[in-house]
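What's counted below: heavy atoms across the whole structure, side chains too, no hydrogens, waters or symmetry copies. Just follow the structure's listing: the first ligand is 1, and inside any ligand the first atom is 1.
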Amino acid sequence: MSLQAQLEALKADSLKKIQEALELNGLNEIRVNLLGKKGPITEVLRGMKDLTAEERPKIGSFANEIKSELQAAIEAKKAELEAAALSKALAAETLDITLPGKPISGGNSHILTQIMEEIEDIFVGMGYQIVEGYEVESDHYNFERMNLPKDHPARDMQDTFYISEDILVRTHTSPVQARTMEKHDFSKGALKMISPGKVFRRDTDDATHSHQFHQIEGLVVDKGITMADLKGTLQAVMQKMFGENRSIRLRPSYFPFTEPSVEVDVSCFKCGGAGCNVCKHTGWIEILGAGMVHPRVLEMSGIDSTVYTGFAFGLGPDRVAMLRYGVNDIRNFYLNDQRFLQQFKTKE
Ligand code: DAH
């Protein structure tokens, strides 16, 4: 058989094999065998040495043609097998979208986050900005700038964890007052801010004390701010938080950073003032500390206290949550016990 005829036969046979391939692995084997160095085409071409110089290039290019044809046939078959494999896989993977799904249990905000966001919304609605302070503070901002110099006895009430002699974890959110006042530009309007966040004290933990808890600081400074502004503002906020029928009362108190200072009580949201277990039968619930910003605190932050006055307050969201939901141990908020936390789920 002439070389030409051998090559023709080889081509016909190979095309048939390619056509008959049933899967990609088999096809790949055919490719390696046919076109590889030890394949039948190379084998046939060995016989070229017996050809005349005229015939040799003809057979050579004929062999190359066959190679490309086989190559193309293999590629085409490969595409066909791949497409078939894909549609087979797709058919196998169809899912029944009419089956009921498995419910995914979603997370939700911690109850304290919910309370703080609720309070933030109330103040934002009244034109306050929300300022974030630092949980790690300097003695300077936490105490000195709040009118609590080094030897001040009121420091005893707020012992905390010291990182160094001058750096501590803040005992209250009040340092944010100083940080905000020293930056405020009064040509742009009054300073009205709240600052929610974590605070820390070296307290012995019990049902009403935790070494970590939360506060929301409030501060308003402008020309002509009076105690009436403080009372009206807090009255409006307490009504939004505890119901339209609430009233508040102020009792004299003491904080180093306010003068005068007051303790603010809200009429009991449960009994309306008649007396019950929530208000310990007094009709009133102690809810926050407040006062007129001490002139020295204003001055230390670069504000002229003969021109500007302000009021400030500090509110405890943990206490608000305890009162509202009858939680009798503050430590529940920090134990991450799902059985406790799940009770405050807002959405399914
Ligand atoms: N910083 C006070 C505390 O932690 C709370 C407080 C009271 C803040 C009166 C105030 C305020 O801004 O006016 O006990």
Per-atom contacts, ligand 1 versus Ala290 - under 4.0 Å to a heavy atom = 9 (C), 11 (C), 13 (O)
Atoms of ligand 1 less than 4.0 Å from Gln215 heavy atoms?
-> 3 (C), 4 (O)
Ring centroid separation for Phe257 and His172, is it under 6.0 angstrom?
-> yes
Ser174 neighbourhood, listing ligand 1 atoms whose heavy-atom distance to it stays under 4.0 Å | 1 (N), 8 (C)
Considering only heavy atoms from C-beta outward, does the side chain of Glu120 approach that of Pro196 to under 4.5 Å?
-> yes
Applying a 4.0 Å heavy-atom criterion (strictly less than), which segment of Gln158 is in contact with ligand 1: side chain, backbone, both, or neither?
-> side chain
Which atoms form the tightest heavy-atom contact between Val264 and Ala290, and what is the distance?
-> CG2-CB, 4.2 Å
For Arg56, look at atom CZ and say whether over 12 heavy atoms of other residues, nucleotides or ligands are found less than 6.0 Å away.
-> yes
Strictly by modelled atom types, are Glu182 and Ser301 linked by a side-chain donor-acceptor pair under 3.5 Å?
-> no
Note: ligand 1 atoms sitting under 4.0 Å from heavy atoms of Thr258 are 13 (O)
Heavy-atom contacts with Ala312 under 4.0 Å: which atoms of ligand 1 show up? List them by number with element.
-> 12 (O), 13 (O)
Side-chain donor-acceptor contact under 3.5 Å, Ser267 with Arg246 = yes
Is Gln177 in contact with ligand 1, taking contact as a heavy-atom separation below 4.0 Å?
-> yes
What part of Arg170, side chain from CB on, backbone N/CA/C/O, both or neither, has a heavy atom under 4.0 Å from ligand 1?
-> neither
Measuring from the heavy atoms of Arg201, does anything fall under 4.0 Å of ligand 1?
-> yes
Protein heavy-atom partner closest to atom 12 (O) of ligand 1 - residue, atom, separation in Å | Glu217 OE2, 2.6 Å
For the pair Phe186 and His184, name the ring-plane relationship: parallel under 30°, tilted 30 to 60°, perpendicular over 60°.
-> perpendicular
Quick one: do the Asn28 and Lys78 side chains pair a donor with an acceptor below 3.5 Å?
-> no
Output the list of atoms in ligand 1 that are nearer than 4.0 Å to some heavy atom of Gly291, sorted by atom number.
-> 13 (O)
Ranked by distance from atom 2 (C) of ligand 1, the top protein heavy atom is Phe257 CZ, 3.6 Å
State yes or no: are the ring centers of Phe200 and Phe213 separated by less than 6.0 Å?
-> no
What protein heavy atom sits nearest atom 5 (C) of ligand 1, and how far away is it?
-> Gly314 CA, 4.1 Å
